[in-house]
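Computation of the quantities below employed the complete heavy-atom set of this structure, encompassing side-chain atoms and omitting hydrogens, waters and symmetry-equivalent molecules. If you're wondering where the values come from, they're calculated on a predicted model, not measured in any experiment. Counting starts at 1 for both ligands and their atoms, in listed order.
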Amino acid sequence: MTYTVSVRALCEFTAKEGDLDRRFTPSPTGQEGVEGHATIAARRGSNYEKEITLEGDYEELHVRGRADGYDPSANQLEEFKTYRGSLERMPQNHRALHWAQLRVYGALLCRKRALTALQLALVYFDITTEQETVFLEQHTAESLEESFICQCQRFIGWARQETAHRSARNAALETLRFPYPEFHAGQRELAEAAYKTVRRGGALLAQAPTGIGKTLGTIFPVLKAMPTTDLDRLFFLSAKTPGRRLALDALEHIRSQSERGPLRVLELVARDKACENPDKECAGDSCPLARGFYDRLAAARAAAAVEPGILDQPRLREIARAHQVCPYYLGQELMRWSDVVVGDYNYYFDSTAPLFTLTYTNQWKVCLLVDEAHNLIERARKMYSASLERKALDAVRFGAPIALKNVLDRVSRAWDTLLEGQPQEYSAYDEVPDAFRGALERAVAAITELVAERPELLATEVEDFYFEAMNFCALAAQIDTDTLFDISRSAGQSVLCLRNVIPRRFLGPRWSAAHAQVLFSATLSPPEFHLDVLGLPSDSRRIDVQSPFKAEQLAVRVIRSISTRWKDRAASVEPIVRLMRAQFETLPGNYLAFFSSFDYLHNVATRFVEHNPHIPTWRQERGMPEAERDAFLQRFSPGGQGIGFAVLGGAFGEGIDLPGTRLIGAFIATLGMPQVSGINEEMQRRMEARFGAGYEYIYLYPGLQKVVQAAGRVIRTTQDRGVVLMMDARFAQHNVRRLLPRWWHVETLSAP
Ligand code: SF4
C-alpha cells in the first residue's frame with residue numbers, strides 16, 4: 001500500500017535535530033513570505049521556472065512537493081526562505097532542515113528531467129532590506145539520489161508502521177460494539193444522526209438534553225463510521241476542562257468494552273498546564289527539556305505510538321519524563337500521529353490553530369465534535385477581537401528604548417486625536433482611522449526590527465502590548481461590518497477595541513476544511529441563530545432530541561408578580577425573599593438561586609439571611625478560586641438542606657452535576673440577558689442589519705440559553721424530582737416560552 005508524504009513532512013521527521021527553540025522571533029508573516037517569494041522570482045530571467053511540482057517513489061513511499069524555482073540556463077534549483085533580523089542568529093538546525101528539503105527536491109528534479117548534475121541554491125531573503133544571501137552546493141544526480149534514499153529509509157519504517165496501524169485500527173473499529181447493553185432514550189437518535197452526518201459529510205446541529213449521554217452518543221458513531229468513510233482523524237473540541245474529561249472517560253469506556261483496538265487518543269492541554277519548568281524559556285540554553293529535544297523526540301514518539309492506553313496529560317507526562325523531552329511539545333508532535341485528539345476549541349478554531357493548519361496542509365479527512373457548542377459564538381468572538389489599553393501603551397512608552405520613543409509617541413498622539421473627536425464615553429465606528437492605524441503599524445514594524453536585532457529588549461510589558469498591537473493591526477486590515485471598532489473611555493483611561501460580533505467569516509474556512517462536524521448542546525435554540533452567526537453551511541442538518549425526562553419530574557412555575565428589570569430590582573428583593581422562604585418551607589432541601597449580578601445576589605442573600613437565619617445559605621463570590629468553588633459544590637450533600645446563591649452564566653450555571661437530592665430546585669431571578677450598554681446596543685444594530693433579529697441575537701437568545709442551562713442542573717436522571725421557580729413576568733411571554741425545553745410543563749402564577 002502506498003504511503004504519501006510531503007517533502008516538508010518527510011524532512012521534518014528525518015532531518016530535525018538539536019534543540020527546540022520556541023522563543024518569539026519576529027519571523028515574516030505568511031503574507032510577507034508570499035510577497036518575498038514573488039520578489040525573488042521577479043528578479044530571475046524570462047526562462048526561469050517557478051513552483052515546479054515534483055514527486056517520486058521509494059519502495060511504497062510516494063514523496064511529493066513543490067520546489068520554488070529552477071533556472072535552466074544555470075541548471076540551478078532554488079529554495080527561497082524569507083527571514084527578518086540577523087541571518088547568523090538562525091539556529092543551525094533550521095539551516096540543516098532547509099538543505100535536506102532542497103536536496104530531496106534536487107533528487108526528484110534529476111529523476112524527472114534525467115539530469116546528471118545539478119546546482120542547489122538556498123536563497124535567504126531579508127524581508128526588510130530585500131537582500132538575498134545565497135548558499136550553493138554542487139551535486140551529481142547520484143549524490144542527490146543517495147541523499148533522497150537515505151531520507152526515505154529513515155522514514156519508511158515509520159510509514160510501514162503507520163500503514164499497519166491504520167489497517168489494524170480500522171479492523172478493530174469495524175467490530176466496535178456499543179459499550180452498554182442499550183442506548184439511553186434519545187441517545188440512539190443522536191448517535192444515528194451523527195453517524196449519517198459522518199457518512200455523508202457536512203454539518204449537524206444537535207440539540208439534545210442533558211442526561212442522555214451526548215458525549216458517548218457522538219463519539220461512538222464517529223468511530224464506527226471511521227473505517228467506511230476512510231476518516232483520518234476525529235477532533236473532540238470542548239469549551240471547558242470537564243468536557244475534555246468526559247470525552248476521555250467515554251473513549252476509555254469504549255476501549256474497555258471492545259477488543260482494545262489500537263486507537264491512538266491524545267489529550268491536548270495548554271502550555272502553562274503542561275510545562276515542567278515554568279520559570280524557563282522554551283529554548284535549549286534555558287530549559288533542559290528543550291535542549292536536544294529533537295535528538296530524543298524519535299524515541300519518545302515511538303513509545304507514544306505503541307502506548308496501549310489513552311494519552312491523557314498524566315500519561316503523556318510520564319512518557320516525556322522517561323525520554324527527557326518537553327511534554328507540551330511532545331503533545332504538539334503527536335497531534336500528527338493520533339486518531340482522536342481531545343482539546344480546547346482554540347486548537348481548531350483560532351487564527352493560528354494547529355489542528356486546523358495540519359488538516360488543511362495535509363488534506364486530512366476529519367470529523368469535528370463540538371461539545372457544549374452554545375459556547376462557541378462567544379469564544380470565537382474573543383478569538384477574533386483585539387483591544388489596546390491606554391495604560392499599557394503609556395507603560396511601554398515609559399520604559400521604551402530610545403529607538404522606539406518616537407514611534408510610540410506618534411501612536412500616543414494619534415490616540416489623543418481619536419479621543420478629542422469623541423467626548424462621550426463610548427462610540428463605535430465602521431473602521432479604524434488611517435492616521436491611528438498607520439501610526440500603530442509603524443510602531444509594530446519598529447518593535448519588530450528592534451527585536452529582530454536585539455531580542456533581549458522584548459520585556460514582558462512590551463511583549464504583551466506588541467502582540468496585541470500586531471493582532472490589532474492584522475484584524476484592522478480585514479475589518480468588515482461583522483467587526484466594529486469602538487472606543488471606551490472613563491476616569492482618564494481609554495480602550496480601543498476591534499470587537500468581532502459575527503465570527504462566521506473567520507470560522508467558514510474551518511468548517512470547509514473538515515469533512516463533517518457535529519455541534520451538540522442542550523441549548524441550541526433556535527438553530528438559525530447558531531447557523532447564522534457561526535457561518536455553518538446552509539444545508540446543515542438539525543435535530544432536537546426528545547428528552548428522556550417527563551413533565552411530572554419538574555414543576556416549572558413562572559411568577560408573574562415579580563419583575564427583575566433594572567428599574568424594579570430594589571422592589572423585587574422582598575418578594576423574592578418571601579417566595580424563596582415559602583418554597584423552602586414547603587419542600588426543604590438543597591436549592592440553587594441564580595441572579596443577574598453579584599450586587600443583586602448579595603442584596604437578596606443579605607436580606608434572606610436577616611429574615612431566615614435558621615436556613616443555611618452560601619454564596620458565590622467574584623473570582624472564586626477552584627478550591628472554594630469545590631467547597632461551594634460540596635455543600636450540596638445528598639439529603640442536605642440550604643440555598644446556594646450564584647450568578648447566572650457563571651461557574652455554577654452549567655457543567656455541574658448534582659443528581660438526586662443533592663439539588664431539588666432552582667430559583668431564577670433574571671432572564672440572563674446581557675446588560676443594556678453602548679457595546680451591546682451597537683452589537684444589536686449590527687445583528688439587526690445583518691439578520692433582522694438584533695434584539696433576539698444579542699439579548700434574548702443568549703440570555704435564555706443561560707436560564708435553560710441553569711434550570712437544567714435540577715433534573716439529571718429519570719429518577720430526579722424538582723422544582724424551578726422563574727421569577728419574572730417576562731417568562732410568560734410567548735417569545736420567551738417558545739425557547740424553553742419542550743418537555744417542561746410551565747405553570748404561570750400571578751402571585752407566589
Ligand atoms: S518544559 Fe516548559 S519551558 Fe521547557 S520547553 Fe516545555 S513548555 Fe518550554
Within-4.5 Å side-chain heavy-atom neighbours: R22 and F293: no

| message | Quick one about R390 and S412 (side-chain donor to acceptor, distance below 3.5 Å, no hydrogens or angles considered), yes or no? | response | yes

Checking side-chain polar atoms at under 3.5 Å, does T359 have a donor or acceptor matched by the opposite partner on Y348?
no

Residues at least two apart in sequence or cross-chain that pass ring pair (Phe, Tyr, Trp, His ring centres under 6.0 Å) with F13, listed by chain then number, are F155, W158, W337

Audit row: T128, E449, side-chain hydrogen bond (donor to acceptor under 3.5 Å, both in side chains) steps and yes/no: CA-CA 8 Å; T128 311; E449 294 308 323; 3.0 Å; yes

Is R169 salt-bridged to D339, cutoff N-O under 4.0 Å? yes

Near atom 8 (Fe) of ligand 1 (protein N/O/S, cut-off 2.8 Å, waters excluded) we have C282 SG

